[in-house]
Amino acid sequence: SPFLLEELARGASAYHRVVMGESLLAARPAVSLEQMLADRAARLPDDARRFLEVVAVGGRPMPVTTVSEASNAGDSAPRIVAILRSRRFVRSGLRDGRDVVEASHDRIRETIVAHLPEATAREHHSQLARVLEATPDADPEAIAAHLVGAGHKERAAVYAERAAQQAIAKLAFAQGARLYELTLETLPPSSPDVRRLARRMAEACEWAGYAEKAARAYLRAAEGAPFIERAQLESAAAAQFIAAGRIDESAVVGRRALEAVGRKVPGSVLLTIFWVIVYRVIATIMMRSKLREPKTLSAEERVRLGALHALGRGLAVVDPISAMYVKARYLVDALRSGNRAHVVLAAMAEASSLAGRGG
């Protein structure tokens, strides 16, 4: 590791021996890389050390003007950057026409942050948040992160949600999901915004392919929701549990959603088979006549059909008999609704059951 070799060389340099003293160095046991870095940082002038701490807490390349204002460096910023560059603590350069500075290595940044007292770290986060909030077009994600670090969680939630919306607009669904999760973490459980944000997080996770996380976020959004909305969210959670391979959990949640919309699965095998036959006969009769004209589905119908579709898939693996009932009932409800999309989905589901017998 060139970085480790350089730090060892600096630790054994003549300058280091003069500062530490030959006798102290001889008596000192072997030290870690982090200790060598911390020792070097401790020998910096106060203003340079404070500037370096702000750079490390910032965690990303930042304009020199931003760091200077947050660390109260004033007109000394160019001199401080030169000192830190010469001692290999930071690197600087031009980005988008602005002078930016960042830690020259992640180990340096991690070591500086790890050795900061908690109160000092909070103060640096607070100063960075203050400067960024006053900067036009500042990154809301960065502001949110520094507000969280400063302990201002409610203010951080506003910026985290704004950053999540920007990420979703750019189709960065994984980033949006992470930012919505950060937003939820900054809010108290009693906040009225929790259900709304949990649903948005669930949608972002679903779009990003994080099925299990999406399912659990949908369930969180369903807590305390009105009747129809709760059934809809639980149905969405069941579908995501299926996508994640959590079939048993999908069946439990899906049954609950169906019961909520008046489509409870019978409790006994004989009763289930009886109703499968009944609904297949009804479907056969309905399919001999012309399909009903499509109509606008009510909210309850949308939820009911969605729940039947999701649970039919979920139960097919763990409870085939109940799945046959759900699919037969789904086809009848779809035919009654006249909704072409659900008619096709229900027919496909019923066909899969009938094809299982062969022929």
Side-chain angles (χ1 to χ4, degrees), residues 211-212 215-216 218-289 291-292 297-339 341-359:
E212 184 175 355
R216 303 204 184 282
Y218 275 128
L219 290 180
R220 185 174 181 181
E223 295 175 5
F227 167 73
I228 292 296
E229 184 183 357
R230 185 178 73 251
Q232 183 182 26
L233 291 168
E234 288 180 343
S235 177
Q240 289 305 301
F241 274 131
I242 292 170
R246 313 286 293 192
I247 306 300
D248 291 343
E249 288 178 273
S250 168
V252 171
V253 174
R255 283 173 180 269
R256 192 165 67 222
L258 278 181
E259 188 171 351
V261 293
R263 293 295 181 267
K264 183 178 179 180
V265 179
S268 71
V269 173
L270 288 177
L271 194 58
T272 301
I273 293 174
F274 169 77
W275 282 111
V276 168
I277 296 170
V278 169
Y279 284 118
R280 282 182 176 173
V281 170
I282 294 173
T284 301
I285 294 170
M286 294 180 72
M287 286 188 290
R288 291 183 183 277
S289 59
L291 277 175
R292 293 187 180 185
L297 298 177
S298 67
E300 186 171 350
E301 285 177 314
R302 285 198 304 272
V303 172
R304 182 184 299 124
L305 291 169
L308 286 165
H309 174 55
L311 187 58
R313 295 169 58 204
L315 288 176
V317 178
V318 294
D319 189 353
I321 294 177
S322 295
M324 284 194 299
Y325 165 83
V326 172
K327 291 175 181 180
R329 189 68 187 266
Y330 180 30
L331 181 55
V332 171
D333 282 3
L335 290 167
R336 284 174 177 165
S337 74
N339 183 277
H342 278 294
V343 168
V344 172
L345 289 171
M348 288 167 57
E350 185 69 335
S352 69
S353 294
L354 297 173
R357 298 191 309 227

Between CZ on residue Arg302 and OG on residue Ser235, distance to nearest 0.5 Å | 12.5 Å

Nearest-0.5 Å distance that lies between atom CG in Leu345 and atom CG in Leu308 = 12.0 Å

Specify the closest pair of heavy atoms between Leu331 and Ala347, including all atoms of both residues, with the distance to one decimal.
-> CD1-N, 3.9 Å

Can you list the residues that meet the salt bridge (Lys or Arg N to Asp or Glu O under 4.0 Å) rule with Arg230, with sequence neighbours excluded?
-> none

Using a strict cut-off of less than 4.0 Å between a Lys/Arg side-chain nitrogen and an Asp/Glu carboxylate oxygen, indicate whether Glu301 and Arg336 qualify as a salt bridge.
-> no

Does the side chain of Arg246 come within less than 4.5 Å of Arg216's, by heavy atoms?
-> yes

Measure the shortest side-chain to side-chain distance between Tyr218 and Glu234 over non-hydrogen atoms and say whether it is less than 4.5 angstrom.
-> no

Partners of Tyr330 by ring-ring contact (aromatic ring centres under 6.0 Å, His included), sequence neighbours excluded?
-> His309, His342

Closest approach of Ala334 and Leu305, non-hydrogen atoms and distance?
-> N-CD2, 3.9 Å

Heavy atoms of Leu233 and Ala225 approach each other most closely as CD1-CB, 4.4 Å

Out of curiosity, Tyr279 OH to Asp333 CG, how far, rounded to the nearest 0.5 Å?
-> 7.5 Å

Quick one: list whatever passes side chain to side chain contact (heavy atoms under 4.5 Å, CB included) with Ile321, sequence neighbours left out.
-> Val269, Thr272, Ile273, Asp319, Met324

Audit row: Phe274, Leu270, side chain to side chain contact (heavy atoms under 4.5 Å, CB included) steps and yes/no | CA-CA 6 Å; Phe274 169 77; Leu270 288 177; over 6 Å; no

Applying side chain to side chain contact (heavy atoms under 4.5 Å, CB included), run through Leu219 and Phe241 and close with a yes or a no.
-> CA-CA 11 Å; Leu219 290 180; Phe241 274 131; 3.8 Å; yes

For Val253 against Ala238, the heavy-atom pair lying closest together = CG1-N, 4.1 Å

Between Ala328 and Val276, which heavy-atom pair has the shortest distance, and what is it?
-> CB-O, 4.2 Å

Using the salt bridge (Lys or Arg N to Asp or Glu O under 4.0 Å) rule, pick out the option among Arg280, Arg329, Lys327 that qualifies with Glu350.
-> Arg280

Which value, rounded to the nearest 0.5 Å, describes the distance between Tyr325 atom OH and Ile277 atom CD1?
-> 13.5 Å

Approximate separation, where rounding is to 0.5 Å, of Met287 CE and Leu335 CG = 6.5 Å

